[in-house]
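Worksheet: the structure to be examined is printed underneath.
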Amino acid sequence: MPADTTSLDLDALEAAHADLRARGLALDLTRGKPSPDQLALSDRLDGILSGTYRHDGTDLRNYGGIDGLPTAKRLGAMLMDVPADAVLVGGNASLEMMFHAMLVGTHFGWDGPGSAWTTRPSVKVLCPVPGYDRHFTVSERLGHEMIPVPMGDDGPDMDVVESIVADDPDVAAMWLVPKHSNPTGAICSDEVVARVAELGNRARRGFRVIWDNAYAVHDLTPEPILMASLWAACEAAGTTESVIHVASTSKITFAGAGLSFLAAGPETLATLRQHLSAVTIGPDKVNQQRHVMLLPDIDALRAHMVRHAELIAPKVDATVAALERGLTGLARWTTPTGGYFVSLWTPPGLATEVVGLAADAGVRLTPAGAAFPLGHDPEDSHIRLAPSFPTLDEVRLAMEVVVTCVRLAIARQRASRDGTGEAVQPGPT
Ligand SMILES: Cc1ncc(COP(=O)(O)O)c(C=O)c1O
């Protein structure tokens with residue numbers, strides 16, 4: 001029997017939830033992983049070299065080439081909208097590149113010994129929220145004090161960012177996903193791009209923005225969405241060293257077997273190159289050449305991303321449609337134009353309960369609070385929905401459960417208020 005999503009009648013919703021529980025579902029909307037059919041779009045990678053392991057005089061199978069092949073650097077440059085000579089090509093995880101960049105700033109310093117952020121009374125890092133939980137995990141691991149900054153539809157609240165940077169010389173860095181952000185789908189406006197470029201002139205020396213362009217070409221729109229170039233803005237502002245650009249092919253080819261890219265100004269790049277030389281003798285050039293052959297130019301890249309969009313868009317549409325049908329007037333959510341996530345905000349104090357109710361009914365959701373530093377959403381309101389991995393039918397079913405759980409949590413909160421005259425307190429996050 002389908003769940004009743006039209007009423008806020010508590011008894012009816014408790015019964016609908018019990019029905020869902022009895023179905024023994026096992027669905028998962030937790031992580032933004034590509035689905036098997038998305039991964040299959042790049043299966044041609046296997047065998048694409050046809051045994052040709054030499055390229056421009058380089059034996060791809062051997063050690064060396066810390067920067068990456070020039071052709072792979074050009075692929076990274078195309079993705080990140082930066083010059084190719086500013087790019088380093090890494091292993092499959094841009095997260096690893098970001099970890100190393102933050103490690104260098106924190107413990108080794110961008111300007112030699114004595115410039116490490118740890119020489120300051122505290123290392124403060126600005127964290128637009130809701131944001132990407134693994135950024136916050138890196139900062140937690142490195143002992144950073146994370147300062148939440150509100151994320152709007154067009155990027156972080158730059159008035160807040162600029163005033164914190166002006167007041168506090170301990171601010172060392174800022175995380176930022178500039179396009180189709182995880183998890184709200186925000187896209188930095190031209191004005192925000194220009195203001196981010198200016199931060200390098202306002203902050204103390206050593207400040208770095210981690211510009212994590214994980215969803216640079218992951219549009220769901222018929223035409224590509226183009227953003228102002230941060231590299232150009234930094235050149236104009238004289239702040240090229242203040243930004244570390246990062247991207248990867250994780251959501252373009254194989255999430256676990258792709259390429260990562262990092263770009264930075266010449267001094268920052270030299271410091272990182274030296275650091276990475278202590279970490280590896282060189283990245284996987286065989287995989288670099290495979291990727292260059294699969295995605296030789298911007299047209300090939302765009303055509304490939306259109307095929308991804310054809311697979312993801314129906315799932316995002318189904319997610320948003322379920323929210324519109326079941327929660328209009330009761331909650332708010334995003335309608336992303338790209339990326340992998342839909343953000344849902346329940347009335348305050350209910351996100352933890354909704355995630356628990358969904359788990360009881362067999363639908364795993366990202367833990368409430370995950371998109372905030374240390375997992376603490378002060379409103380206990382935000383839930384990240386990640387519909388890319390399950391099948392379309394599974395997404396529809398999972399969203400039926402999510403909507404029922406939000407309605408049930410609201411009905412319980414209202415009943416509790418009616419009964420006691422008090423609001424339900426936010427649960428632990
Ligand atoms: C914003 C963002 N950055 C980075 C990553 C991970 O990228 P990679 O697979 O290159 O480590 C993700 C994955 O979900 C992401 O959402």
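We count ligands from 1, going down the list as the structure has it; atoms in each ligand are counted the same way.
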Query raised in the report: Is there a side-chain contact between Phe341 and Thr184, using heavy atoms and a 4.5 Å cut-off?
Result: no

Could you list the donor-acceptor pairs under 3.5 angstrom formed between side-chain atoms of residues 298-305 and any protein atom two or more places apart in sequence or on another chain?
unit_1, atom_1, unit_2, atom_2, d
His304, NE2, Ser42, OG, 3.3
His304, NE2, Ile252, O, 2.7

Got a list of side-chain donor-acceptor pairs under 3.5 Å for residues 82-101, not counting sequence neighbours?
unit_1, atom_1, unit_2, atom_2, d
Asn92, ND2, Gly256, O, 3.4
His100, ND1, His275, NE2, 2.8

Report task. Kindly indicate whether a cation-pi arrangement holds for Lys73 with Phe261, taking the cut-offs as under 6.0 Å to the six-membered ring centre and within 45° of the axis. Result -> no

Query - Closest approach of Ile244 to Ala264 (non-hydrogen atoms, all atoms of both residues) - result: CG1-CB, 4.5 Å

Query raised in the report: Tell me, which pairs form a salt bridge (charged side-chain N to carboxylate O under 4.0 Å, His left out) where one or both residues lie in residues 24-51, sequence neighbours left out?
Result: Asp28-Arg364, Arg31-Asp133

Query raised in the report: Contact residues of ligand 1 with a heavy-atom cut-off of under 4.0 Å?
Result: Asn92, Ala93, Ser94, Leu95, Met98, Tyr132, Val177, Asn182, Asp212, Ala214, Tyr215, Ser248, Ser250, Lys251

